[in-house]
Each structure stands twice: as C-alpha cells, then as structure tokens.
Amino acid sequence: MAQTTAPGDPMHNDYVLIARLMIPTDAHVIRGCLAAAGIDVILTDDQHMQANLLLAPAIGGARVMVREKDLPRANEILAAFERGDLALADDADVGAPAAE
C-alpha cells in the first residue's frame, strides 16, 4: 500500500529541486515568480556562480527548490514562464519613474 503524506508530516515539507539554471539572474527571476505566487522558494549556489561564473558547470548551476507540497503549482508557474506567459509587453507601464 502506498504511503501518503499529510500537511503536518515532516516529509510533506521537504524541499525538492524544480530547476537548475546556469545564469544566476534567471534563477532569481524564477524565484521571484514563484514567491509572487505564494510559494516558498530556496535558491542555492547562485552566489558561488556570481563570485566565479566558471564554477557554474562544475556545481550544476543555481538550484531552485520548492516544498514538495507546492511542486504541482510550481511546475505550472515554471511552464508559464518558459512559454512567455509571464513576460511584460515592451510598452508595459511598470510604475512611475524614481523621483529626481
């Protein structure tokens, strides 16, 4: 019989890998999209890569991790990002310019 996890179960809150990215900025953009959707995100190895980009292939890129319970929703958001559904139009108004 298969075992399932309940929200209070520690296994239910384990973090799982959702993406590896070779450009740290891309990893931070993905983290922001997931966080904006209310998903807890851990980003690892991004700082190592920023300090020495030549390490990126050796460490496998920046890792984006989410809680196991959030994986289905996180995969939907990642797919929408990759399709370009979350991109802003070139003429999008992103707010007033900073005060001069």
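Since this is a predicted model, take the numbers as computed values, not measurements.
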With a 4.5 Å cut-off on side-chain heavy-atom distances among I, L, V, M, F, W and Y, is there a chain of contacts connecting Leu34 to Val29? yes
Under 3.5 Å, which donor-acceptor pairs do the side chains of residues 87-97 form with other protein atoms, sequence neighbours left out?
from: Asp93; atom 1: OD1; to: Gly95; atom 2: N; distance (Å): 3.1

CD-CD1 distance between Glu82 and Ile30, expressed to the nearest 0.5 angstrom: 6.5 Å
Any non-hydrogen side-chain atom of Val41 less than 4.5 Å from a side-chain atom of Tyr15? no
Rest of the hydrophobic cluster containing Ile23 (Ile/Leu/Val/Met/Phe/Trp/Tyr, side-chain heavy atoms under 4.5 Å)? none
Applying side-chain hydrogen bond (donor to acceptor under 3.5 Å, both in side chains), can you list everything that pairs with Glu76, at least two apart in sequence or on another chain? Arg73
Residues Ile59, His48; criterion side-chain contact (heavy atoms from CB on, under 4.5 Å); working and verdict: CA-CA 9 Å; Ile59 60 177; His48 285 113; 4.0 Å; yes
Would you kindly confirm whether Leu78 and Leu43 end up in one hydrophobic cluster when ILVMFWY residues are joined by side chain heavy atoms under 4.5 Å apart? yes
Side-chain heavy atoms of Pro24 within contact of Gln47, under 4.5 Å: no
Nearest 0.5 Å, please: how far is CD1 in Ile77 from CG in Leu86? 8.0 Å
So the side-chain hydrogen bond (donor to acceptor under 3.5 Å, both in side chains) pairs with at least one residue in residues 36-45 (sequence neighbours excluded) are Asp40-Arg67, Thr44-Arg63, Asp45-Arg63
With sequence neighbours excluded, tell me which residues meet side chain to side chain contact (heavy atoms under 4.5 Å, CB included) with Leu71. Val16, Ile18, Val66, Asn75
Quick test of your reading: applying side-chain hydrogen bond (donor to acceptor under 3.5 Å, both in side chains), list the pairs with at least one residue in residues 18-34, sequence neighbours left out, ordered by first then second residue. His28-Asp46
